[in-house]
Trainee: 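One structure coming up, written as structure tokens, with questions to follow.
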Amino acid sequence: MIERFPHGALFSNVEITAATVRRGDIIQLGGRTCRVRDLFQLPRGGKRLVFDSGELLTIHTRTRLIAVRTRRRW
């Protein structure tokens with residue numbers, strides 16, 4: 001499946017934590033690429049991520065992941 005991105009889209013690798021994760025972030029886990037569809041705040045600063053595939057991932061405040069973000073060039 002080929003995904004189409006808006007003309008002029010830029011991609012950047014960013015380190016994310018529970019405090020900085022956003023909807024739309026693309027994270028590679030175990031060799032699979034997962035896009036964050038939704039997220040929920042948990043006690044003590046953790047987050048539960050819901051991916052497009054329906055899978056869940058719970059991260060706590062000290063978790064560090066690398067994600068790809070799409071930015072539009074203005």
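Not measured: the values here are computed from a predicted model.
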Trainee: Tell me, please, which residues at least two apart from Thr58 pass side chain to side chain donor-acceptor pair (under 3.5 Å).
Mentor: Arg48

Trainee: Only pairs at least two apart or in different chains count here, so list each salt bridge (charged side-chain N to carboxylate O under 4.0 Å, His left out) that has a residue in residues 49-60.
Mentor: Arg32-Glu55, Arg35-Asp52

Trainee: Which residues end up grouped with Val50 if you chain together Ile, Leu, Val, Met, Phe, Trp and Tyr wherever their side-chain heavy atoms are less than 4.5 Å apart?
Mentor: Phe40, Leu56

Trainee: Could I get the full list of salt bridge (Lys or Arg N to Asp or Glu O under 4.0 Å) partners for Arg64, not counting sequence neighbours?
Mentor: Glu15

Trainee: So do Thr61 and Thr17 actually touch side chain to side chain, heavy atoms under 4.5 Å?
Mentor: no

Trainee: With side chains defined as the heavy atoms from C-beta onward, is the minimum distance between Lys47 and Gln41 less than 4.5 Å?
Mentor: yes

Trainee: Work out which heavy atom in Gly45 is nearest to a heavy atom in Ala18; give both atom names and the distance.
Mentor: O-CB, 3.4 Å

Trainee: Quick one: side chain to side chain donor-acceptor pair (under 3.5 Å) partners of Arg37, sequence neighbours excluded?
Mentor: none

Trainee: Please collect all salt bridge (charged side-chain N to carboxylate O under 4.0 Å, His left out) contacts where either partner lies in residues 21-31, sequence neighbours excluded, each pair once.
Mentor: Arg23-Asp38, Asp25-Arg69

Trainee: Please go through Leu39's hydrophobic cluster and name the other residues, only I, L, V, M, F, W, Y counting, with side-chain heavy atoms under 4.5 Å joining them.
Mentor: Val14, Ile16, Val21, Ile27, Leu29, Val36, Leu49, Phe51, Leu57, Ile59, Leu65

